[in-house]
Amino acid sequence: MNLDFTLRSEIQKAIDALFRQPVGQLQIQPTNAEFEGSHTLVCFPLVKISKRAPEATATALGEYLVANSGLVSRFNVVKGFLNMVIEDRAWIQVLQAIHANPSFGFVPPHGRELMVEYSSPNTNKPLHLGHLRNNFLGYSVAEIYKALGYTVHKVQIINDRGIHICKSMAAWQAYGNGVTPETSGLKGDKLVGRYYVEFDKHYRAQVKELMAQGVAETEAEKQAPIMKAAVDLLQKWEAKDPDVLALWQKMNGWVYAGFEATYQRMGVDFDKLYFESETYLSGKDEVLKGVENGTFIKKEDGSVWVDLTADGLDQKVLLRSDGTSVYMTQDIGTAILRFRDFPKIEGQVYTVGNEQEYHFKVLFLILKKLGFAFAEKCYHLSYGMVDLPTGKMKSREGTVVDADDLMEEMVEEATQQTHALGKVAEMTPNEIRELTEMIGLGALKFFLLKVDPQKRMLFDPNESIQLQGHTGPFIQYTHARIRSILRKAAALGVDVSTWEGTATSPLEPAEREVIFKLNQYPQKIHEAAREYSPAVVANYAFELAKGYNQFYQTVPIFQESDAAKLQLRVVLSHAVADVLKKALRLLGMQVPERM
RNA sequence: GGUCCGAUAGCUCAACUGGAUAGAGCAGCUGCCUUCUAAGCAGCAGGUUCGGGGUUCGAGUCCCUGUCGGAUCACCA
């Protein structure tokens, strides 16, 4: 049964019977811990139709509900708050419904489709901490919408062309001596990233040297041999020079292999990749169409602009005076291309840092002006930067936290802890590896996802490698603990599948509390989806685990002599393990059988 | 300068979108493992929710104003 729905309709009936007037949305909230009850109706808004004081309104409703609903066993009134105690029978029905429904929390597929973009790295730079937040967020939002029955297409756009790519190519040609990932033993993305840094180093040195010879700075920047080499490569690339294309493909191939390894360890994946090299020309036609129909303005020098001043924004260039595209042009083209590739998607979610908020505001507005209805359904999933205790991450200053390194550190920490706690006695090395991988990455994912996306957050390496308290491993541990109980139950012949919801009242308060939390799961997923916030799911899972642990410490299971009560507790445990597993799955986290 | 975002316990974060005495975790202090996994539980302590006005039965939440942090406003991507 759906307790909230039923309670709501019972209250509605009570209001109809007592006050005979329609009322808007009822305000029901969890009861504060200090009062008896689980659900609280806020009665202040009702005084208009009850024509009574808040206390009297609440009391009248409470009495009616106890007498007529069969759902409310007792109530108390504090000021205008009606605190209701739900019948144990109803709680058991709730548990029964959850227990009987293997897909509790999931909405059956309904055919609606959505696209989620995330990651979208630059091929010159290995993935770092910021990408981890980005990837975990995007992946999780995709999973959350899938749970709600959507078909979700996970995509990324790879920034694989342009002068910056040519920089690492030029540096590799000049200083690489033919080094490859194989000969160097380096991951491909790290190798290419190294030559991007190399470029910068030599470039600065060359500029400095030229300036020492008396060349002006701007001129020196153009004349530096390494820069000339990079520009030359870009021109050849655009002219489709076979040698340059081959080099470009080779080095990009290294990067993709490196990224793929990182994605695999992160546990994220994509259904389709978009490459900027294939899409960067595609927005131009749309912009030219926009010029024809008067949406955009062409200036005398040939550049094309959109005027958004009426919408409170600025003017924005869409085509340079030489007719070439800018970033915005490409994004227009890519957005339209994607809706052509996936005609059924109703919207796109762009997981991109909040420094691009203005960009996306403009992009969506332009798409709207071009007459695309889907513009309304585009959403910029904007997230705050991840700060370090030392301040901002800056690649030039070497303060970037590398994704691979960080994952490795987390797993190492998990391994140490696991050994220190003496958990490894009965495990094979393989099992230990699997477990510590789960814990290390779980800790990392939970850490990055538990914070509201739009807030910037602090990553303190020392504190972030916590495996206790408000962490992923805490929840994973709770799951493992329950699995252990279920194994014991099975050994004792307690079968959860035969449970028929036999009433065993009175329920323990901790049991009610856990059922109450379990019951919240579906609405939490909806809330998370509505707000594009995996943090809602993360914090819910934590609370459920915490509630279960309280139950676990206060209510014995196998010491219980009443077989029906014992069975209920095992069923309850089973349901919690199941929901924890599902909820963590939405965060991209796995859950161990023992730890 | 314009626009947008943020500010909550020593630290990291919550607060069901306007509800009751603002909650967790970490750090600190006290207890609980011959009984289902102590990566746990119970407790103590910790707050002028950045300041000042306002709106109302009720404000961390909404409005105005100020302060402090950040982002953004390129014929860069």
Side-chain angles (χ1 to χ4, degrees), chain A residues 27-35 40 42-45 47 53-54 78-81 83 122 159 161-164 276 299 301-305 312-314 316-322 324-328 330-331 353-359 361-362 382 384-385 387 392 414 417-418 420-421 423 439 443 447 450-452 454-460 463-464 466-478 480-489 492 520 523-524 527 531 535-536 539-540 542-543 545-546 549-550 552-560 569-570 573 594-595:
Chain A
Q27 272 187 61
I28 299 174
Q29 61 190 42
T31 303
N32 274 17
E34 63 199 292
F35 304 116
T40 293
V42 183
C43 294
F44 297 102
V47 299
V78 181
K79 292 189 255 177
F81 298 94
N83 302 322
N122 175 323
N159 187 347
R161 63 160 284 280
I163 184 68
H164 55 291
E276 220 178 88
K299 294 201 174 167
D301 63 0
S303 59
V304 174
W305 295 75
L313 304 173
D314 302 305
K316 189 90 192 168
V317 69
L318 297 177
L319 287 177
R320 298 190 186 97
S321 44
D322 64 5
T324 56
S325 305
V326 293
Y327 183 46
M328 185 63 77
Q330 295 174 36
D331 267 11
N354 62 8
E355 68 274 11
Q356 294 204 39
E357 254 161 32
Y358 183 77
H359 173 79
K361 207 180 272 182
V362 171
S382 158
M385 196 168 308
D387 288 317
K392 230 167 149 172
Q417 282 280 331
T418 303
L421 290 168
K423 303 274 187 181
I439 296 173
F447 182 84
K450 73 178 180 186
V451 180
D452 183 354
Q454 71 171 307
K455 288 192 173 177
R456 46 189 309 155
M457 62 182 295
L458 183 77
F459 184 87
D460 182 339
E463 207 167 308
S464 309
Q466 278 280 343
L467 307 179
Q468 275 129 14
H470 191 188
T471 66
F474 170 89
I475 303 168
Q476 292 171 318
Y477 175 75
T478 307
R481 176 186 250 178
I482 296 174
R483 297 304 300 174
S484 164
I485 286 170
L486 297 177
R487 282 191 294 273
K488 178 158 183 180
L492 292 172
Q520 290 179 311
Q523 76 193 49
K524 290 288 180 183
E527 189 186 332
E531 295 178 10
V536 171
N539 290 318
Y540 166 74
F542 174 72
E543 273 175 35
K546 193 158 174 59
N549 282 327
Q550 283 165 358
Y552 173 88
Q553 303 277 349
T554 53
V555 182
I557 297 176
F558 297 113
Q559 271 79 349
E560 178 57 55
R569 286 171 197 168
V570 174
S573 302
R594 51 190 102 222
M595 73 183 266

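Side chains included, hydrogens not; waters and symmetry mates left out as well; all remaining heavy atoms used.
- Ring-to-base geometry does not place A:Tyr477 in a stacked arrangement with B:G40 (centre distance under 5.5 Å, plane angle under 30° required).
- The side chain of A:Glu34 sits closest to B:A20 out of B:A20, B:C13, B:C36.
- When the nucleotides B:C75, B:C41, B:C26 are ranked by their closest atom to the side chain of A:Gln466, B:C26 comes out on top.
- For B:A77, the base has no donor-acceptor partner in the side chain of A:Asp331 [N/O atoms by modelled type, under 3.5 angstrom].
- A:Lys423 contributes a side-chain N or O that forms a donor-acceptor pair with the base of B:U37 under 3.5 Å.
- At B:C5, none of the side-chain N or O atoms of A:Asn354 fall inside 4.0 Å of OP1 or OP2 (strictly under the cut-off).
- Considering only the side chain of A:Gln550, B:C41 comes nearest among B:C41, B:C36, B:G19.
- To the nearest whole angstrom, the two P atoms, one in B:C5 and one in B:C44, are 40 Å apart.
- Taking atom P in both B:U30 and B:A71, one finds a spacing of 44 Å when rounded to whole Å.
- For B:A77, one of the phosphate oxygens OP1 or OP2 lies less than 4.0 angstrom from a side-chain nitrogen or oxygen of A:Arg320.
- If you check distances only, the side chain of A:Ser321 does reach the base of B:C75 with a donor-acceptor pair under 3.5 Å.
- Residue A:Arg569 has no polar side-chain atom (N or O) positioned under 4.0 Å from OP1 or OP2 of B:C36.
- For the P atoms, the distance from B:A24 to B:A20 is 15 Å, rounded to whole Å.
- For A:Gln454 and B:G6, the shortest distance from a side-chain N or O to OP1 or OP2 is below 4.0 Å.
- Applying the 90° criterion around 0 to the glycosidic angle, B:C57 comes out anti.
- Projected onto RNA chain B by closest heavy-atom contact, A:Thr418 and A:Tyr358 fall at different nucleotides, the more 5' of which corresponds to A:Thr418.
- Aromatic stacking of A:Phe35 on B:A20: satisfied, with centres closer than 5.5 Å and planes within an angle under 30 degrees.
- With 3.5 Å as the limit, one finds no donor-acceptor pair spanning the side chains of A:Arg456 and A:Asn354.
- Atom name C1', nucleotides B:U48 and B:U8: the rounded distance is 12 Å, in whole Å.
- Taking 3.5 Å as the limit, the base of B:A20 and the side chain of A:Gln29 contain a donor-acceptor pair of atoms between them.
- The stacking criteria are not both satisfied for A:Phe542 over the base of B:A24, which would need a centre-to-centre distance under 5.5 angstrom and an angle between ring planes under 30 degrees.
- Considering only side-chain N and O atoms, A:Lys361 lies nowhere under 4.0 angstrom from the phosphate OP1 or OP2 of B:C4.
- Taking atom P in both B:U61 and B:A9, the straight-line distance is 15 Å, to the nearest Å.
- Using atom C1' as the reference point in both B:A39 and B:A45, the two lie 25 Å apart (nearest Å).
- Rounded to the nearest Å, the gap between the C1' atom of B:G46 and that of B:C29 is 12 Å.
- A cation-pi geometry, defined here as NZ or CZ lying under 6.0 Å from the six-membered ring centre and within 45° of its normal, does not hold between A:Lys450 and A:Phe542.
- Proximity note for A:Ser484 (side chain, C-beta onward) versus B:A20, B:C36, B:G70: the nearest is B:C36.
- Spacing between B:C13 and B:A22 at atom C1', rounded to whole Å, works out to 14 Å.
- OP1 or OP2 of B:A14 lies within a sub-4.0 Å distance of a side-chain N or O belonging to A:Lys455.
- Taking only distance into account, the side chain of A:Thr554 never meets the base of B:A42 through a donor-acceptor pair shorter than 3.5 Å.
- Look at A:Tyr552 and you'll find a side-chain N or O under 4.0 angstrom from OP1 or OP2 of B:A38.
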